[in-house]
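Chain naming here is simple, since letters A, B, ... match the order of the sequence lines and numbering starts at 1 in each. Computed from a predicted model, the values in this text were never measured in an experiment. The basis for the numbers below is simple: all heavy atoms, side chains too, and nothing from hydrogens, waters or symmetry mates.
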Amino acid sequence: MSVRTRVAPSPTGTPHLGTAYIALFNKAFAEQQGGDFILRIEDSDAARSSKQSEADILDALKWLNLDWDEGPDIGGSLGPYRVSERLSNYESHAEELIGTGGAFRCFCTPERLDDVRREQQRRGETPKYDGHCLSLSDDEVRRRVDAGEPHVVRLRVPESGDCVFTDQIRGEISIPWQQVDMQVLVKSDGFPTYHLCATVDDHVMGITHILRGEEWISSCPKHVLIYDYFGWQFQELFHLPLLRNKDQSKMSKRKNPTGINFYRDRGYLPEALLNYLATMGWSMPDEREQFSYVDFVKDLDLGRITPRGPVFDVEKLDWLNGCYIRDLSDDEFQNRFASWAGDEQRFRKIVTMLKARTERFDQVLPQVDYIVGDRQPIEKDAFSHKSLSEEEVVKILDFAARALEELSSWASGEIGEALRTTAEESGYPMRDFVAPLFIALSGRSVALPLFDSIEVLGLELTRTRLRSAIEILGGISNKKLKKLDKEWAKLDRA
RNA sequence: GUCCCCUUCGUCUAGUGGCCCAGGACACUGGGUUUUCAUCCCAGCAACAGGGGUUCGACUCCCCUAGGGGACGCCA
């Protein structure tokens, strides 16, 4: 049987490095085995999924040259490749499970479930479904369904014993069924949850090897159970370690830029980023650290994947990216730099404001230094202000970050509005409020218009620079953070 | 809180019972090359979490403790 692997991102946000990491190993393994790599869009959360996010994810993976053999854009023999377009498929499988007793309908209200959960938590138990609707008679279920009562479908889980399965990286793992919740498989809106659609699709699409993130280990019993109920053969499982922040926690945008596009915009080469990702939890037999994707495919050995979560170290990424840059011929360097710097999308935005402030072309570069390049190194003194204390400056930087974080639309108009409201609500004149922001973002007290700058910089870079500025000012202690949380909550930001 | 996973230099890692008083890389420090800087070269710093076993012999196998992480949603 030919190897088939997949990556199944959920289109609910900006493209994440973790997706690229998982995709890389899936694709390389399939390619090495002469198999196929499939991209499936897990848009089972109708409320949070968006077409824009899906398009962004596809673009980001393509930028990294992580293209696929079958997917929503190119089709394939086992499509469609979006959960939202395969609903009848899950419906029939759910019906089958209900018929064989592997699943049941549940009419409990979210309120009741909340109460149950709270009570269990209070008693120190693992919160999970209490089996309330398990005892409903067939007649009653039929009556309530016919009456159009909203309900979900839940997985029936054994009450005792252990679920034993094998992770190819860690070995045998055993989890007591007691720990496993009677997971919802079909939501009341008729959409499947991940657990149903992923398991059904993986089987139907002939997936042979599942390489996914470690965070899925604890839900494996549910998947094993579904496969048992259907009598299907389970795939080989590989749980790759989670990429980590410096403090070892799961990599998150709060502590690290996690967006693929952030790295693209900073001028990392896709092949370098891919190479670096390949060294996370894996190493070449000869310990070589710079290697091409082709060599990765040739030498990939899933047995060499380590279970330990690697810290994503930007400094080492920088070194590796530098190696790749130096290996470029002069022509290549010029071309690739030009295409990076000339990225129309990004720079059209600043042309207008630049033009107004330019008398000769030689004045252009100095003005955009902090946008095209890294921000000038700044020191604490740079933030000293005639009427703001250091503590207030920190507060402003923090509040600005919070305000930007909540924006639904990243455009200078909204950005300005959000900052103005925040300044007003926290009692600072706009003039004072923006002063520290100019320093933090541009490294200078005079720069191109702030809101436009922020728009062009993007959320991740803006967040990174604001945070770095706060660090320069001594950071925020836990105690101070709590106080800021409180003040922030009190603001009336209509 | 419950369950699961993990534990070699600050970081990425090599190591599958003797080759290891632990090797490479990034970072850092010092030196050399270079008009400066970067590159490059050389050197240095620095780790097997702790405690019990098993064994002639443990970084490697087992157990316990500690620490870290993850999961516990009609999110994925």
Side-chain angles (χ1 to χ4, degrees), chain A residues 8-13 16 18-19 22 40-49 83 106-110 113-114 117 120-129 150-154 162-163 165 167 169-198 212-222 239 241-251 276-290 303-323 325-327:
Chain A
S10 155
T12 51
H16 196 278
T19 305
I22 300 293
R40 188 172 68 222
I41 295 296
E42 215 83 8
D43 54 352
S44 50
D45 186 336
R48 289 200 303 159
S49 295
V83 163
C106 164
F107 301 87
C108 295
T109 62
L113 295 173
D114 270 355
R117 217 166 278 149
Q120 287 167 329
Q121 216 132 29
R122 199 184 58 76
R123 286 202 301 259
E125 295 168 8
T126 302
K128 56 175 198 171
Y129 185 63
H151 64 278
V152 301
V153 176
R154 286 181 185 276
D162 296 324
C163 175
F165 57 94
D167 173 80
I169 294 168
R170 283 156 259 262
E172 204 169 82
I173 295 174
S174 163
I175 297 175
W177 285 118
Q178 278 284 338
Q179 282 300 314
V180 183
D181 197 6
M182 294 191 222
Q183 182 65 50
V184 171
L185 298 180
V186 181
K187 312 176 211 179
S188 52
D189 67 358
F191 270 62
T193 59
Y194 172 88
H195 304 284
L196 211 223
C197 58
R212 45 145 65 138
E214 192 184 355
E215 75 267 35
W216 292 104
I217 289 180
S218 47
S219 39
C220 272
K222 295 162 191 168
H239 288 97
L242 254 23
L243 264 25
R244 307 289 187 90
N245 297 313
K246 269 198 177 60
D247 65 1
Q248 305 282 347
S249 59
K250 174 176 167 178
M251 200 182 187
Y276 182 66
L277 249 16
T279 66
M280 299 274 86
W282 188 82
S283 59
M284 276 286 185
D286 64 359
E287 292 194 66
R288 184 163 31 116
E289 300 198 274
Q290 188 186 355
R304 288 183 68 85
I305 297 175
T306 61
R308 163 84 124 100
V311 171
F312 191 89
D313 180 3
V314 185
E315 282 188 342
K316 190 148 184 180
L317 205 211
D318 283 344
W319 163 76
L320 191 60
N321 200 57
C323 291
I325 295 227
R326 275 174 247 118
D327 286 346

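In terms of the ring pair (Phe, Tyr, Trp, His ring centres under 6.0 Å) criterion, Phe191(A) has no residue partners (sequence neighbours excluded).
Formation of a donor-acceptor pair under 3.5 Å by the Gln120(A) side chain with backbone atoms of Lys128(A) is found in this model.
When each of Arg170(A), Glu215(A), Arg212(A) is tested with His239(A) by the rule side chain to side chain donor-acceptor pair (under 3.5 Å), just one qualifies, namely Arg212(A).
Nearest-nucleotide mapping onto RNA chain B: of Glu214(A) and Thr306(A), the residue sitting toward the 5' end is Glu214(A). When the nearest nucleotides of RNA chain B are assigned to Trp282(A) and Pro110(A) by heavy-atom distance, the more 5′-ward of the two goes with Trp282(A).
When all heavy atoms of Pro241(A) and Gly281(A) are compared, the closest pair comes out as CG-CA, 4.5 Å.
Across all strands, Arg48(A) comes closer than 4.0 Å to base atoms (heavy-atom distances). Heavy atoms of Val184(A) sit under 4.0 angstrom from primed sugar atoms or phosphate atoms, though from no base atom. At the heavy-atom level, Arg304(A) lies under 4.0 Å from the strands shown only through sugar-phosphate atoms. As judged by a 4.0 angstrom heavy-atom cut-off over every strand, Cys197(A) is placed among residues making no nucleic acid contact. Using a 4.0 Å heavy-atom distance criterion, Pro310(A) is classed as a sugar-phosphate-only contact. Residue contacts shown for Gly281(A) are limited to sugar-phosphate atoms, with no base heavy atom under 4.0 Å away. Contact annotation for Ser44(A): backbone-only contact, meaning every heavy-atom pair under 4.0 Å involves sugar-phosphate atoms and none involves a base.
For the segment residues 186-195 of chain A, residues with any heavy atom less than 4.0 angstrom from an atom of RNA chain B are, sorted by number, Lys187(A), Ser188(A), Thr193(A), Tyr194(A).
Remark: Glu214(A) does not engage Lys250(A) in a salt bridge, criterion side-chain N to carboxylate O under 4.0 Å.
Listed nucleotides: G68(B), A76(B), G73(B). Nearest to the side chain of Asp181(A): G73(B). Nearest to the side chain of Arg170(A), among A76(B), C5(B), C3(B), sits C5(B).
The shortest distance between the side-chain N/O atoms of Ser283(A) and the OP1/OP2 oxygens of A14(B) is below 4.0 Å.
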Quick one, give me the B/S/- string for nucleotides 23-38 of chain B, reading 5' to 3', where B means a protein heavy atom under 4.0 Å from the base and S means that only happens at the primed atoms, P, OP1 or OP2. BBBSS-----------
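Ring planes of Trp216(A) and Tyr194(A): parallel class, angle under 30° (limits at 30 and 60°).
Between C42(B) and A27(B), the distance separating the two P atoms is 15 Å to the nearest Å.
Here the P atom of nucleotide C74(B) and the CG atom of Leu113(A) are 7 Å apart, to the nearest Å.
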